[in-house]
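Here is the structure we will look at, set down as structure tokens.
First listed ligand is number 1; within each ligand, the first listed atom is number 1. Computed over heavy atoms, backbone and side chain alike; hydrogens, waters and symmetry mates excluded.
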Amino acid sequence: MVVVQQDRRPFVASAPGKVIMFGEHAVVYGKSAIAGSVDMRAYALVVPHSGHAVRLVLPDIGVDIAFDGRRLPRVQPGALAHPGDVEALLAEGIDVPDGPGRMAALVFVYLYGSLVADTGAQGFSICVRSLLPVGAGLGSSAAYSVALSAALLQLTGQLHGDGASEGDRRLINGWAFQGEQVAHGTPSGIDNSVATYGGFLEYTKGRDPAPLQSTRALRVVITNTNVPKSTKALVAGVRALRDAHPAIVDSILDAIHSVSTTAAELFQAPDADDSDAEQRLHDIVRVNHGLLMALGVSHPSLERVRDIAARYRMASKLTGAGGGGCALTLVPSGAPKSATAEVAAAMAADGFECYDTVVGGAGVSITYAVGAESIEAWIGKQSSDPVAVFAALPAATIASLAPSQ
Ligand SMILES: Nc1ncnc2c1ncn2[C@@H]1O[C@H](COP(=O)(O)OP(=O)(O)O)[C@@H](O)[C@H]1O
Ligand SMILES: C[C@@](O)(CCOP(=O)(O)O)CC(=O)O
Ligand SMILES: [Mg+2]
């Protein structure tokens, strides 16, 4: 048994969602993709207490489970080779309903079993709230997984710089990737990398993410079609198409790779105001969407978003897994604020929801304070049940628990 040093103070670990600008799906096959963090995050409040009870509360998706932490065995490295073994962990007397809550609980139980079980750590409550839309292509699963990994590593004293050092980030990212594997089977790792490191980056599976210094303002309108989708099913659909038509699908994936590498050059071009570069970016947004459509991951609602943007001479593409979820619209450099407001209003008139987001903010973060006050004092003042307080906080207060962008 590895006995850990435990800090008993409550804290909040948080991580952002992401927007994939170019390269989704192809990135699963080792091609390049470009993505940045968005200013919506998942927040995990951890409250250590005496005894061995462990409580997981996920108010956004209706999960509230408790179990005796001593009953869960340590998960052996390599357990992910047998996903059934991970599912079997839930049989240890933990009652979780089917649906999205089950997947989120499974990710927690896997990370708990790997990082906390058998360390002699005492009990705790953990409550995760997210300001990201769930299952819409903005990486809510990865933000959840990164916030959880950071929370459990910090709780058990396995981080050395409160999540900010290079070593801490590498550790958090590695475990969050495993959390994403529990949820999706074969993630590329781009979502958890953006949620961990934040910023704007180029990602190729198996390599360290490469930060991009864009000379161009990263202005996008994100539109949520509110059509539910499953990342797992969409990724599986592309795999089935590739198995049936390997040569055709591989050439589509190669074309997407060229789109991403061209985009990286354009974003970093010295003359950001060059109208030729502007036009080329517009073109490749359109081309990237067309290639994704050929892979079968578009949806009529996403095509509708593209039609509306085209009326304002802007280019849109799906972002994330597709099949519904979100689209992004590239805002041309120099476009007045009124232009983005107009296009967003036109989309809202069609029943879509738009997010005015800043791309490229902070990655994972751990905080013990709200302003000048400790979280312990801040939450303790409001009620004797910190989880109930946190679960009911308004979004604006939750958002104050992370570094400002
Ligand atoms: N606020 C949240 N609380 C708990 N689990 C969440 C939360 N947000 C997302 N998740 C987990 O992530 C899953 C959605 O992930 P996914 O289908 O990959 O969509 P995306 O990552 O694009 O939002 C949910 O079913 C749930 O398991
Ligand atoms: C389709 C894919 O490229 C991105 C999926 O993103 P999301 O789960 O829809 O946010 C899959 C992956 O990279 O693992
Ligand atoms: Mg996801």
Checklist entry - Is it the side chain (CB and beyond), the backbone, both or neither of Leu234 that lies under 4.0 Å from ligand 2, heavy atoms counted? => result neither
Next on the checklist: Heavy atoms only, cut-off 4.0 Å: how does Glu180 contact ligand 2, side chain, backbone, both, or neither?
Outcome noted: neither
Item to check | His184 heavy atom under 4.0 Å from ligand 1 | outcome: yes
Item to check | Ligand-side contact atoms (ligand 1) for residue partner Ala104, heavy atom cut-off under 4.0 Å | outcome: 5 (N), 27 (O)
Checklist entry - For ligand 1, which atoms have a heavy atom of Asp60 less than 4.0 angstrom away? => result 1 (N), 2 (C)
Best match, [options]: closest heavy atom to [atom]:
| atom | options | value |
| --- | --- | --- |
| atom 13 (C) of ligand 1 | Ala105, Ser141, Ala233 | Ser141 |
| atom 3 (N) of ligand 1 | Ile61, Val57, Thr319, Val235 | Ile61 |
| atom 7 (C) of ligand 1 | Leu234, Val134, Leu148, Val128 | Val134 |

Next on the checklist: Can you tell me if, anywhere in Ser141, an N/O/S atom lies at a distance from the Mg ion (ligand 3) that is smaller than 2.8 Å?
Outcome noted: yes
Between [X] and ligand 1, which residue portion shows a heavy-atom distance shorter than 4.0 Å: side chain, backbone, both, or neither?
| X | value |
| --- | --- |
| Leu138 | backbone |
| Ala142 | neither |
| Lys232 | neither |

Next on the checklist: With respect to Ser140, determine whether any N or O atom, backbone or side chain, lies less than 3.5 Å from an N or O atom of ligand 1.
Outcome noted: yes
Does [X], backbone or side chain, put an N or O under 3.5 Å from an N or O of ligand 2?
| X | result |
| --- | --- |
| His184 | no |
| Pro187 | no |
| Val27 | no |

Item to check | CA sep, side-chain torsions, deciding dist, call: Tyr112, Phe67, ring pair (Phe, Tyr, Trp, His ring centres under 6.0 Å) | outcome: CA-CA 12 Å; Tyr112 178 91; Phe67 56 90; 5.6 Å; yes
Next on the checklist: With heavy-atom distances below 4.0 Å as the criterion, list the atoms of ligand 2 near Lys229.
Outcome noted: 7 (P), 8 (O), 9 (O)
Checklist entry - Which word best sums up how the rings of Tyr110 and Trp175 line up, parallel for under 30°, tilted for 30 to 60°, or perpendicular for over 60°? => result tilted
